[in-house]
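To find a chain, count down the sequence lines: A is the first, B the second, and so on, and within it residues start at 1. What's counted below: heavy atoms across the whole structure, side chains too, no hydrogens, waters or symmetry copies.
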Number of protein chains: 2
Amino acid sequence: MKPKLSKPRPKQDTAQRIRAAADELFCGRGFAAVSVQDIAHQARVQKALVFYHFGSKEALFEQILEGYYQAHRDALATAYAGAGTVRERLHRMIDAYLTFMADHARYAALIQQQVGSPETHPLIERNLAPLFTWIEQALAELTPASGPLAPRHFFLTFSGTVINYFTYAPLLAPLWGSDPTAAAALDERRRHVHWLVDTVLDALTAARPPRPRSGQSSRG
Amino acid sequence: MKPKLSKPRPKQDTAQRIRAAADELFCGRGFAAVSVQDIAHQARVQKALVFYHFGSKEALFEQILEGYYQAHRDALATAYAGAGTVRERLHRMIDAYLTFMADHARYAALIQQQVGSPETHPLIERNLAPLFTWIEQALAELTPASGPLAPRHFFLTFSGTVINYFTYAPLLAPLWGSDPTAAAALDERRRHVHWLVDTVLDALTAARPPRPRSGQSSRG
DNA sequence: CTCGGGCTTGACCGAATGGTCAAATAACTG
DNA sequence: CAGTTATTTGACCATTCGGTCAAGCCCGAG
């Protein structure tokens, strides 16, 4: 009648409390501006416990970052994997992206802060690469393979359109007089991005034959 | 025959050396991750000189940030101020934005890093507000006043499209196998953004009468 | 020359940093 | 119960942090 396995760990939540505290602080202030003391205090835990459970401040940070990236990647992979036309799948991916960002509001700030620091580049690259590959594949049949309308550009354009909204949300709140992350505002943004995707895809398909049949592009 | 005024300051470049060193380091690693020692070492200068010339680490940082913002704002203001149609002025503004970012490659990382820290919000807001106002004015006659196609959304979309390219450039280099900030790549990006602006404006003007005359939108 | 003030230096400060450790405690196993 | 292991504690470490200070340097002015 043991409801738990051989490792019940009644106080296992300690690590989780530390993780949660670190998550919030890192996202709000960035890696360097947060001390282990801060994290321990926020988690109402002894500082040494942070090192006991995670080894070092860097390891804790990378664990949090990795978790975020994995959740993000999985969310987009699920959205992309389903059936439907390329356009439908792209819309689903945009939706998933927006939803994920809305659910993890501070994630945007975190990655934007960390993109600049060379030591975390391998970690980011490892998680960014599949995203990049998906978009390239999805757009391959709609856009030229190279040049200003190549998939890579739309990848950056769409991802920037989504992420920039959340990056600047805290700054825009006072300018707008309302919270950009509120449900209504988010839905409006969602419709904007969908409109943009449709407009772009319409323009792309109008410019070239609807189905070139031969996937090879001769480069304009 | 004095070539200089009452303040020749043969070693005036010290402050400039410190500024340059701080600029590079702050942009590369962010405020918190850079120590005054680092700055002094990079500038080949005694640490105390940093405090003599700038008072504090924060003051030095804000001076650099302010300088960047002012140059950025001025560049966009000049581009926007000229004659021409709204479309032409928008294209000029995009061009100025891209050029400024290319000339100050690390600026993108800096502001993205700082957007998240509440203490610099007033500084950023002060410099972001006019930008926001310009775009809203410029787009007012082309887009609905509210809803998913309101000017504010296009402001975020276009600025994200520009800035995101530079934010992710260091990460994309290994993925692409070439430097996204090289002249050829930048020109391609420039054409992409111009294509996007034209496509969006075409769609907006096609959807509604070319000149609604009455600026009031009934919101869909 | 002397004077005086803007630079520059290097030593110094208290506080905070990331990290360690031995000892104490809690929890589970036999 | 004893024995073992996982967890927790608080003191402790060396280093670095942002910042100060008094003394010296270098300069042009008188």
Subject >> Interatomic distance, A:L49 CG vs C:dT25 P [rounded to whole Å] >> reply: 15 Å
Original post:
Taking only residues two or more places apart in sequence or in another chain, which ones pass side chain to side chain contact (heavy atoms under 4.5 Å, CB included) with B:A75?
Top reply: B:F100
Pairs under 3.5 Å (N/O, protein and nucleotides 21-25 of chain D):
none

Subject >> Qualifying salt bridge (Lys or Arg N to Asp or Glu O under 4.0 Å) pairs, either residue in residues 46-75 of chain A, two or more places apart >> reply: A:E66-A:R126
Subject >> Secondary-structure string, 5' to 3', Watson-Crick or G-U under 3.5 Å, | for another-strand partners, for DNA chain D >> reply: ||||||||||||||||||||||||||||||
Original post:
OH of A:Y52 versus C1' of C:dA22: gap in Å, rounded?
Top reply: 15 Å
Original post:
What is the nucleic acid contact for A:V50, judged by heavy atoms within less than 4.0 Å: base, sugar-phosphate only, or nothing?
Top reply: nothing
Original post:
Would you say the side chain of B:K47 and the base of C:dG10 hold a donor-acceptor pair, judged only by whether the two atoms sit under 3.5 Å apart?
Top reply: no
Subject >> Qualifying residues under ring-ring contact (aromatic ring centres under 6.0 Å, His included), relative to B:Y97, sequence neighbours excluded >> reply: B:H72
**OP:** Not counting sequence neighbours, which residues clear side chain to side chain contact (heavy atoms under 4.5 Å, CB included) with A:S35? List them please.
**Re:** A:Q37, A:D38
**OP:** Would you please name every residue forming a ring-ring contact (aromatic ring centres under 6.0 Å, His included) with A:Y168, sequence neighbours left out?
**Re:** none
Original post:
What residues form a salt bridge (charged side-chain N to carboxylate O under 4.0 Å, His left out) with B:R190, not counting sequence neighbours?
Top reply: B:D95
**OP:** Only counting residues at least two apart or in another chain, list the ones meeting side chain to side chain contact (heavy atoms under 4.5 Å, CB included) with A:I135.
**Re:** A:L90, A:M93, A:L139, A:F155
Could you give the side-chain donor-acceptor pairs of residues 173-180 of chain A under 3.5 Å, partners two or more places apart or in another chain?
| from | atom 1 | to | atom 2 | distance (Å) |
| --- | --- | --- | --- | --- |
| A:D179 | OD1 | A:T181 | N | 3.0 |
| A:D179 | OD1 | A:T181 | OG1 | 2.9 |
| A:D179 | OD2 | A:T181 | OG1 | 2.8 |

**OP:** Please work out which residues in residues 36-45 of chain A have a non-hydrogen atom less than 4.0 Å from an atom of DNA chain D and list them by number.
**Re:** none
Original post:
salt bridge (charged side-chain N to carboxylate O under 4.0 Å, His left out) with A:D198: which residues, sequence neighbours excluded?
Top reply: A:R87
